[in-house]
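All chains are named by letter (A, B, ...) in the order of the sequence lines, taking the proteins before the strands, and each is independently numbered beginning at 1.
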2 protein chains.
Amino acid sequence: MSAAMTPVNKDIENLLRSHRLKRTSARMEILSLLLGSSHTISYNDISDALGDNFDKSTVYRTLNSFEEKGIIHAVNDGTGGIKYAVTREEGREAHVHFKCDNCSQTYCLPDTKIPNVKAPRGFVIKNSSLLINGTCKYCS
Amino acid sequence: MSAAMTPVNKDIENLLRSHRLKRTSARMEILSLLLGSSHTISYNDISDALGDNFDKSTVYRTLNSFEEKGIIHAVNDGTGGIKYAVTREEGREAHVHFKCDNCSQTYCLPDTKIPNVKAPRGFVIKNSSLLINGTCKYCS
DNA sequence: AATATAAATGCTACACAATTGCATTAATAA
DNA sequence: TTATTAATGCAATTGTGTAGCATTTATATT
Ligand SMILES: [Mn+2]
Ligand SMILES: [Mn+2]
Ligand SMILES: [Zn+2]
Ligand SMILES: [Zn+2]
């Protein structure tokens with residue numbers, strides 16, 4: 001409570017304030033996890049990392065709030081259960097996600113954009129998501 | 001039971017026999033639904049169409065059998081719950097799926113192939129799935 | 001046609017992800 | 001400091017899918 005605030009904490013507070021979200025410890029800790037992760041994380045990852053400090057519904061509601069505000073985005077890698085990652089500048093455009101068959105982590109590839117495809121007559125494209133499976137750079 | 005067999009039923013029987021699956025009424029009816037559908041269908045679609053003639057586990061197991069044999073393929077359109085479609089000749093290659101925001105049906109686009117993407121160094125691609133959202137040709 | 005065998009089915013229970021209503025508590029504004 | 005509003009915890013509930021096991025059925029064999 002009285003310890004000097006780390007820059008990271010300041011960043012998180014600003015992020016919350018800029019989206020008009022109250023600064024609660026659940027949000028601070030969950031957002032901190034998300035910001036510090038190189039890959040997408042699930043409810044279970046959060047639950048494991050934070051113990052049972054927060055109720056399941058709080059965690060899910062927190063993730064939903066972040067997503068509504070655009071702070072994070074959801075990734076469905078087909079393993080049942082949604083994963084999330086912070087949306088960084090380069091990743092605002094629709095980017096590819098990569099699921100490693102070996103370590104089963106799912107990564108944002110913010111610089112790998114989804115190519116345009118031409119749908120058949122009558123199909124109007126709004127947006128698209130591309131999931132790649134394979135071996136990630138840490139496993140190959 | 002004694003009515004003349006329709007050609008469609010013969011097709012279905014042959015399909016089952018060619019994959020060494022026993023001809024049961026669950027399989028006949030579920031495969032008939034799948035063959036007759038222009039879009040992917042879910043467990044719930046099957047359950048609605050067939051009433052409670054078949055147990056939930058039978059339906060799921062039937063779908064899993066069909067998928068293992070390659071008769072159908074699974075599509076995850078992010079709505080929670082897997083959908084299935086018969087794999088037709090043109091669709092054996094990885095093709096795009098289209099989820100309509102209006103009618104919320106999900107379609108195979110067997111002629112729209114998934115473009116190759118170049119992943120960052122170290123990421124080895126095995127396969128990929130591309131889901132497009134928008135308005136389908138029946139809704140536009 | 002009767003029988004044997006292996007597979008499919010129905011039932012029940014369970015697993016897991018996620019959501020909801022509601023009373024309580026905490027964060028911010030005034 | 002108080003009032004207001006939003007967030008939280010808890011318990012129950014929903015939704016999707018799986019699993020064990022006794023029973024039934026499809027098919028091959030006699
Ligand atoms: Mn991403
Ligand atoms: Mn398809
Ligand atoms: Zn990996
Ligand atoms: Zn439509």
Side-chain angles (χ1 to χ4, degrees), chain A residues 1 5 9 12-32 40-69 71-72 74-84 104 106, chain B residues 1 5 9-10 12-32 40-69 71-84 104 106:
Chain A
M1 229 65 167
M5 231 168 239
N9 268 358
I12 297 175
E13 289 189 7
N14 288 337
L15 196 46
L16 290 177
R17 225 189 356 257
S18 74
H19 287 95
R20 258 138 270 159
L21 290 171
K22 287 185 179 171
R23 195 216 81 116
T24 67
S25 57
R27 284 170 179 170
M28 292 293 285
E29 296 193 35
I30 293 171
L31 190 44
S32 173
T40 61
I41 66 181
S42 64
Y43 162 75
N44 284 308
D45 295 328
I46 293 170
S47 175
D48 290 350
L50 268 42
D52 45 7
N53 290 331
F54 305 106
D55 187 77
K56 184 169 45 161
S57 58
T58 300
V59 175
Y60 278 113
R61 283 189 282 229
T62 298
L63 290 170
N64 285 336
S65 301
F66 289 170
E67 195 192 6
E68 281 166 23
K69 296 295 188 175
I71 300 173
I72 63 178
V75 181
N76 186 329
D77 67 3
T79 52
I82 299 176
K83 297 181 178 176
Y84 293 93
S104 78
T106 297
Chain B
M1 228 66 170
M5 233 170 239
N9 269 358
K10 268 221 142 107
I12 297 175
E13 288 188 8
N14 288 337
L15 197 45
L16 290 178
R17 224 190 355 256
S18 73
H19 287 95
R20 260 139 268 161
L21 290 171
K22 287 185 179 170
R23 195 217 81 117
T24 68
S25 57
R27 285 169 178 171
M28 292 293 285
E29 296 192 35
I30 293 172
L31 190 44
S32 173
T40 62
I41 67 180
S42 64
Y43 161 74
N44 284 305
D45 294 329
I46 293 170
S47 174
D48 291 350
L50 268 43
D52 45 7
N53 290 332
F54 305 106
D55 187 77
K56 184 169 47 156
S57 58
T58 300
V59 174
Y60 278 112
R61 283 189 282 229
T62 299
L63 290 170
N64 286 335
S65 300
F66 289 170
E67 195 191 6
E68 281 165 24
K69 296 295 188 175
I71 300 173
I72 63 179
H73 61 279
V75 181
N76 186 331
D77 67 2
T79 52
I82 300 176
K83 296 181 178 177
Y84 293 93
S104 80
T106 296

Any B:S57 side-chain nitrogen or oxygen under 4.0 Å from OP1 or OP2 of C:dG10: no
Nearest listed nucleotide, side chain of [X], among [options]:
X	options	value
A:D55	C:dA8, D:dC10, D:dT8	D:dC10
A:K22	C:dC11, D:dA26, C:dT28	C:dT28
B:R23	D:dG17, D:dA26, C:dT20	D:dA26
B:T24	C:dA8, C:dA27, C:dT20	C:dA8

Please state how far atom [atom1] in [X] lies from atom [atom2] in [N], giving the value in whole angstrom units.
X	N	atom1	atom2	result
B:N64	D:dA19	CG	C1'	12 Å
B:L50	C:dG10	CG	P	11 Å
B:M28	C:dA8	CE	P	15 Å
B:D45	D:dG17	CG	P	11 Å
B:N44	D:dT14	CG	P	15 Å
A:F54	C:dA26	CZ	P	12 Å
B:E29	C:dA8	CD	C1'	15 Å
B:R20	C:dA8	CZ	C1'	18 Å

What one should report as the nearest heavy-atom pair of A:K83 and A:S104 is NZ-O, 3.4 Å
Would the number of heavy atoms belonging to other residues, nucleotides or ligands and lying under 6.0 Å from CG of A:D52 be above 12? no
Taking atom types as they are modelled, would you say the side chain of B:K56 forms a donor-acceptor pair with the base of D:dG17 within the 3.5 Å cutoff? yes
Give a yes or no on whether a donor-acceptor pair under 3.5 Å exists between the nucleobase atoms of C:dG10, that is its base, and the side chain of B:R61. yes
Compute whether any side-chain donor of one residue and acceptor of the other, for B:N44 and B:S42, lie under 3.5 angstrom apart. no
Classify the side-chain pair A:R17/A:N14 by whether it contains a donor and acceptor separated by less than 3.5 Å. yes
Strictly under 6.0 Å, is that where the ring centroids of A:F66 and A:Y84 end up? no
Please tell me which of B:S65 and A:Y60 maps to the more 5' nucleotide of DNA chain C, matching each residue to the nucleotide holding its nearest heavy atom. B:S65
Applying a 4.0 Å non-hydrogen cut-off, can you work out what B:R27 is touching in the nucleic acid: base, sugar-phosphate, or nothing? sugar-phosphate
Hey, does B:D52 reach any base, or is it just sugar-phosphate, or nothing, if we go heavy atoms under 4.0 Å? nothing
